[in-house]
2 protein chains.
Amino acid sequence: MAWDQSLCRQIAGSDFDRLFPNGIRYQTREAGVALFHQGQPFDQVLIIRSGWVLTYKVFQDGQRQIIRFALPGDLIGFEGDDTSGMAYTAEALSDVTLCSFKRSLFYGVCSSSPQMAMNFAAAVTREALAAWNHVGALGQQSAMGRVANLLLDLHRRAVAQCGADGPAVRLPINQIHIADATGLTSVHVCRTLKQMKLERLLEFGKGQLVLLDPERLAEIAQLDPEVELYQPPLAVA
Amino acid sequence: MAWDQSLCRQIAGSDFDRLFPNGIRYQTREAGVALFHQGQPFDQVLIIRSGWVLTYKVFQDGQRQIIRFALPGDLIGFEGDDTSGMAYTAEALSDVTLCSFKRSLFYGVCSSSPQMAMNFAAAVTREALAAWNHVGALGQQSAMGRVANLLLDLHRRAVAQCGADGPAVRLPINQIHIADATGLTSVHVCRTLKQMKLERLLEFGKGQLVLLDPERLAEIAQLDPEVELYQPPLAVA
DNA sequence: CGCCTCGTTGAAGGTGGTCAATTCGAGTGG
DNA sequence: CCACTCGAATTGACCACCTTCAACGAGGCG
């Protein structure tokens with residue numbers, strides 16, 4: 001199942017041209033470009049087809065909190081209402097290609113296609129689950145636990161996307177991203193990573209992550225073996 | 001729009017008896033009873049009709065993180081898959097009445113009724129939004145900011161539910177709940193509340209919350225005036 | 001080369017945690 | 001009515017994790 005033109009054609013059938021009068025537009029954005037800004041209205045829903053997107057909240061004191069690293073198959077901007085401001089900023093972390101819908105159109109299509117609507121609900125459910133895990137890590141875990149949580153999650157998702165090319169995985173992030181996602185300072189992230197490297201848990205540098213001891217990392221992250229954390233996103237054909 | 005029997009009848013029309021062969025069951029649970037447990041499978045979706053429900057994760061070290069205070073109209077347990085364990089525990093915070101569906105049934109109904117599906121998606125979207133705000137507060141804010149965030153949110157939702165009977169609002173929670181939700185210790189929550197009372201920001205005791213200076217509280221919570229935070233839950237008739 | 005961002009390290013300070021003792025209030029039973 | 005109990009609230013002393021501030025090194029790029 002995929003969030004792409006062929007799926008939409010399949011679902012919509014002969015109604016496709018009525019439902020998508022302008023077809024489905026694909027866009028590309030360069031790394032570092034903002035897709036929309038916190039506090040400003042935005043009337044589209046974005047589906048990531050390739051690349052990584054970052055969402056974060058900015059606070060008055062200039063601090064930012066990274067909410068989510070979004071990968072292909074993930075939905076962005078589904079929660080607005082076209083008039084009030086978005087709750088966060090979204091920014092391309094790498095070069096990305098996106099599939100964009102006017103939100104009203106997207107909702108309309110979902111309302112007339114239960115299959116689309118359930119696809120949508122499933123995507124939002126994944127977001128909620130991920131956010132709850134994030135809340136748990138930020139609320140109850142030490143610096144090392146938070147970093148372990150984040151890197152295990154990113155590793156899992158990156159491997160699911162690209163497959164593992166050996167033990168090393170490429171992540172387009174630096175220590176500052178880790179700091180802003182875990183609620184730590186980059187200084188302390190540096191010290192924590194150094195400690196984790198000393199304990200032969202992982203290596204991280206130059207956008208490369210190697211998990212040396214995934215089992216102990218999972219312990220440190222206090223992952224619950226009973227709970228299946230990972231819900232794969234819909235494939236993007 | 002309501003998540004109740006009359007809505008379901010309305011949506012399902014003459015298919016109601018086919019879609020809900022057992023009708024829709026209402027249940028009541030006493031305060032303190034667990035609705036389901038972290039790590040154990042659970043095959044139902046619950047809609048709260050009255051009362052408060054608490055969801056939280058428990059970690060190996062015994063700490064717990066409160067994920068969500070759920071009020072009437074909120075959905076619980078929508079994210080499982082019937083076989084793997086739930087990601088958190090849900091517990092009645094007060095006496096509650098619930099509307100319960102088998103998850104497979106609920107999904108089936110949504111899949112055959114776009115209106116139900118969009119209702120569902122909207123409910124999950126509210127959960128995700130709330131979780132993102134929670135992430136922001138836990139990641140970037142001081143103890144006072146976290147407490148202000150939580151209490152402003154609970155105040156808003158409680159008033160929306162019950163209306164304000166004067167400046168005081170009844171919340172069925174104590175300082176330990178605040179601590180577990182904000183990632184602080186109850187000792188420090190006590191100190192923080194004392195400080196906030198000294199600064200004439202609010203009063204909290206015996207399940208009563210009074211906001212003395214909502215504007216300054218909103219500043220402390222670093223709420224973004226551009227962003228409309230609150231999305232009302234669906235009414236429960 | 002010069003500039004910039006990111007990473008690294010050290011020293012000092014503060015926010016919040018830990019531990020412990022006391023008080024308070026509600027409930028319970030004598 | 002009064003002890004007794006138990007959980008929650010409160011307070012103090014001490015401590016640790018993480019922050020802040022500052023400096024410096026490494027690498028990329030004009």
Side-chain angles (χ1 to χ4, degrees), chain A residues 30-32 54 59 61-66 91 93-94 137-151 170-199 202-210 220 222, chain B residues 30-32 54 59 61-66 91 93-94 137-151 170-199 202-210 220 222:
Chain A
E30 289 181 7
L54 188 60
F59 293 89
D61 56 15
Q63 301 279 80
R64 78 169 179 179
Q65 172 65 44
I66 291 180
E91 179 179 312
L93 193 52
S94 63
L138 292 184
Q140 300 299 333
Q141 302 195 206
S142 65
M144 203 181 276
R146 297 188 204 182
V147 172
N149 252 293
L150 176 65
L151 293 182
R170 295 212 65 80
L171 306 179
I173 65 172
N174 59 29
Q175 293 186 3
I176 297 175
H177 291 115
I178 298 178
D180 289 343
T182 54
L184 303 167
T185 58
S186 64
V187 174
H188 199 65
V189 166
C190 179
R191 285 193 251 264
T192 304
L193 287 173
K194 184 184 173 188
Q195 180 65 23
M196 294 174 99
K197 181 173 179 180
L198 265 178
E199 296 186 21
L202 55 77
E203 309 209 355
F204 179 81
K206 297 178 197 289
Q208 292 258 344
L209 172 65
V210 185
I220 290 169
Q222 299 202 47
Chain B
E30 289 179 10
L54 189 59
F59 294 90
D61 57 15
Q63 301 279 82
R64 78 169 179 178
Q65 173 65 44
I66 291 180
E91 178 180 314
L93 193 52
S94 63
L138 292 184
Q140 299 300 332
Q141 302 195 207
S142 66
M144 203 181 276
R146 297 189 203 182
V147 172
N149 251 293
L150 175 65
L151 293 182
R170 294 211 66 80
L171 306 178
I173 65 172
N174 58 30
Q175 294 186 3
I176 297 176
H177 292 115
I178 297 178
D180 290 343
T182 54
L184 303 167
T185 59
S186 65
V187 174
H188 200 66
V189 166
C190 181
R191 285 193 256 263
T192 304
L193 287 174
K194 184 184 172 187
Q195 180 66 24
M196 295 174 98
K197 182 173 177 179
L198 265 179
E199 296 186 22
L202 56 77
E203 308 209 356
F204 179 82
K206 298 177 196 291
Q208 292 259 341
L209 171 65
V210 185
I220 291 170
Q222 299 202 49

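Here is the naming used below: chain letters follow the sequence lines, and residue numbers restart at 1 for every chain. These numbers come from the heavy atoms of this one structure, side chains and all, not from hydrogens, waters or symmetry mates.
- Screening residues 175-188 of chain A for salt bridge (charged side-chain N to carboxylate O under 4.0 Å, His left out), with sequence neighbours left out, gives A:Arg64-A:Asp180.
- Defining each end axis of the helix from C:dC1-D:dG30 to C:dG30-D:dC1 as the rotation carrying four pairs' C1' atoms onto the next four, with five pairs an end, the two axes are found to diverge by 30° to 10 degrees.
- Note that CZ of B:Phe204 is 4.5 Å distant from CD1 of B:Ile173, once rounded to the nearest 0.5 Å.
- For C:dT5, neither phosphate oxygen OP1 nor OP2 lies less than 4.0 angstrom from any side-chain nitrogen or oxygen of A:Gln175.
- Mapping heavy-atom proximity under 4.0 Å, the span of DNA chain D touched by chain B runs 5' to 3' from D:dA8 to D:dA13.
- The heavy-atom pair separating A:Ala143 from A:Thr192 by the smallest distance is CB-OG1, 3.8 Å.
- The stretch residues 182-198 of chain A touches DNA chain D through A:Gly183, A:Leu184, A:Thr185, A:Val187, A:His188, A:Arg191, each having a heavy atom under 4.0 angstrom from the strand.
- Taken from CG in A:Leu54 to CD1 in A:Ile66, the straight-line distance is 4.5 Å, to the nearest 0.5 Å.
- Residues forming a side-chain contact (heavy atoms from CB on, under 4.5 Å) with B:Gln140 (at least two apart in sequence, or on another chain): A:Phe59, A:Gln63, A:Gln65.
- A:Ile178 CD1 to A:Arg146 CZ: the interatomic distance, rounded to the nearest 0.5 Å, is 13.5 Å.
- The shortest distance between side-chain heavy atoms of A:Asn149 and A:Thr182 does not fall below 4.5 Å.
- Toward the 5' end of DNA chain D, the nearer of the two residues B:Asn174 and A:Met144, judged by each one's closest nucleotide, is B:Asn174.
- Residues forming a side-chain contact (heavy atoms from CB on, under 4.5 Å) with A:Gln195 (at least two apart in sequence, or on another chain): A:Met144, A:Leu198, A:Glu199.
- Contact annotation: the side chain of B:Leu202 approaches that of B:Leu193 to within less than 4.5 Å [non-hydrogen atoms, C-beta and beyond].
- Across the protein-nucleic acid pair, A:Ile178 atom CD1 and C:dC6 atom C1' stand 12 Å apart, rounded to whole Å.
- With rounding to the nearest 0.5 Å, the separation of SG in A:Cys190 from CG in A:Leu184 is 12.0 Å.
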